[in-house]
There are 2 protein chains.
Amino acid sequence: MKNILEIKNNLLKYNLKATPQRLCIANCLDIHGHMNVDELYFLVSQEFPTISVATIYKNIKIMLERVFIKEVKIPKQKSVYELNKAQHSHIVCSKCNKIVDIQLQTEELLRSASQISNFTLNESAIVLNGVCPECSK
Amino acid sequence: MKNILEIKNNLLKYNLKATPQRLCIANCLDIHGHMNVDELYFLVSQEFPTISVATIYKNIKIMLERVFIKEVKIPKQKSVYELNKAQHSHIVCSKCNKIVDIQLQTEELLRSASQISNFTLNESAIVLNGVCPECSK
DNA sequence: TTATTAAAGGATAATTATTATCCTTTAAGT
DNA sequence: ACTTAAAGGATAATAATTATCCTTTAATAA
Ligand SMILES: [Mn+2]
Ligand SMILES: [Mn+2]
Ligand SMILES: [Zn+2]
Ligand SMILES: [Zn+2]
């Protein structure tokens, strides 16, 4: 549960001016975790009714460049964005579309993959799909 | 190494008319493995110079619906498409952008993920990133 | 074979997504 | 408070994708 001041300082660390609109975007991502362009535009519009959708795009673009945020590509869905935090994987519920972070032990998998393929591996993007506990009740 | 007749019969199995253009698309995917829209349009245009890009899109759309092909989403790249084959994962070389299929043992990972998250898991989309043996020489 | 017909192709319009431009405003640093 | 580069808003431009309309053709069956 970060506060606005924390988020502001974080923006400055990434050489991004902490404007109210931008703070709102970062705050939305902090609160909701993963959001696509439309969701972000809708939510930020509540607080800043005159914000241009171009501002949303411009922010996503520069925030990605500075790696303040990251893009997560999910099969059959629009890309979502999240604050850049520690490496992790994702699970998506095919019923309610909820996206959840999960910390997986990937060393073994990477070692094995590296051995099979002779690639020198560094990153992994893992998206698992299933039904969340709420939806399976 | 499939031949055209095999591909044709496969199209029919998916209730897709085996037109020359469509056969060419399927054949390209069979030969090249993973292709994005532009690559597909470029290559098919060689053989059918008058083909419309809309035809490429229409085919991708319906082939996805029928699950004759699948979309693979790679971080920081355009989506690529591939023939629907046995479940597998992908490795991408960050130097030459080559995409390679890899058969990974995911049972252990899925079991662990399921245990941590309480999700009932079924599918997994795994994209690993690194440097291929050719590029690391 | 030939006839029938739904599906598919081509051209292009329409829509949607994303980026660029221009001018005004403002946050950050002095 | 002053300066200035960065960012916002409006909107144009471009790129990506889908829809439409009309013609052609592959599949099926008589
Ligand atoms: Mn996440
Ligand atoms: Mn593949
Ligand atoms: Zn759910
Ligand atoms: Zn390589």
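First the proteins, then the strands, lettered A, B, ... as listed; each starts at 1. No experiment lies behind these values; they were computed from the predicted model shown.
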**Asked** Do the side-chain N or O atoms of B/Y57 get closer than 4.0 angstrom to the phosphate oxygens (OP1, OP2) of D/dT17?
**Response** yes

**Request:** Please state how far atom CG in B/L16 lies from atom P in C/dA8, giving the value in whole angstrom units.
**Result:** 6 Å

**Request:** Could you tell me whether the phosphate oxygens of C/dA17, OP1 or OP2, come under 4.0 Å of any side-chain nitrogen or oxygen in A/K78?
**Result:** yes

**Prompt:** Taking the side chain of B/Q21 as its heavy atoms from C-beta onward, which of C/dA8, D/dA10, C/dG9 lies nearest to it?
**Reply:** C/dG9

**Rounded distance in Å - CG (B/L23) to P (C/dA7)** = 18 Å

**Item:** Whole angstrom value for the distance that separates P of C/dA8 from OH of B/Y14
**Value:** 16 Å

**Message:** How many whole angstroms separate atom NZ of B/K13 from atom C1' of D/dA27?
**Reply:** 18 Å

**Asked** Under 4.0 Å: is that the gap between some side-chain N or O of B/N59 and OP1 or OP2 of C/dG9?
**Response** yes

**Request:** Take atom CD of B/Q115 as the centre, draw a 6.0 Å sphere, and report whether it contains more than 12 heavy atoms from other residues, nucleotides or ligands.
**Result:** no

**Message:** Can you tell me whether the side chain of B/K61 and the base of D/dT18 have a donor-acceptor pair closer than 3.5 Å?
**Reply:** no

**Message:** Heavy-atom count check: over 12 atoms from other residues, nucleotides or ligands less than 6.0 Å from B/K85 NZ?
**Reply:** yes

**Request:** Just call it for A/A18: base, sugar-phosphate, or nothing, with non-hydrogen atoms closer than 4.0 Å on any strand.
**Result:** sugar-phosphate

**Fill in**
Whichever of B/P20 and A/R66 has the more 5' nearest nucleotide on DNA chain D, that residue is A/R66

**Message:** Tell me the interatomic distance from B/R22, atom CZ, to C/dG9, atom C1', rounded to whole angstroms.
**Reply:** 10 Å

**Prompt:** Which of the following nucleotides, C/dA28, D/dA27, C/dA11, is nearest to the side chain of B/K17?
**Reply:** D/dA27

**Asked** With a cut-off of 6.0 Å (strictly less than), are more than 12 heavy atoms of other residues, nucleotides or ligands near NZ of B/K78?
**Response** yes

**Complete:** Between NZ of A/K58 and C1' of C/dT26 the distance, given in whole Å, is 14 Å

**Fill in**
5'-most contact on DNA chain C (nearest-nucleotide basis), B/T55 vs A/V37, goes to B/T55

**Request:** For A/F48 and C/dT25, give me the distance from atom CZ to atom C1', rounded to whole Å.
**Result:** 14 Å

**Request:** May I ask you to say whether A/K61 pairs ionically with A/E65, meaning some side-chain N is under 4.0 Å from a carboxylate O?
**Result:** yes

**Prompt:** Distance-only, no hydrogens or angles: does the A/K73 side chain make a donor-acceptor pair with backbone N or O of B/I74 under 3.5 Å?
**Reply:** yes

**Message:** Measuring to OP1 and OP2 of D/dA26, would you say a side-chain N or O of B/T19 lies under 4.0 angstrom away?
**Reply:** no

**Asked** Taking only N and O in the side chain of A/K8, is any of them less than 4.0 Å away from OP1 or OP2 of C/dA28?
**Response** yes

**Item:** Interatomic distance, A/L11 CG vs C/dA28 C1' [rounded to whole Å]
**Value:** 13 Å

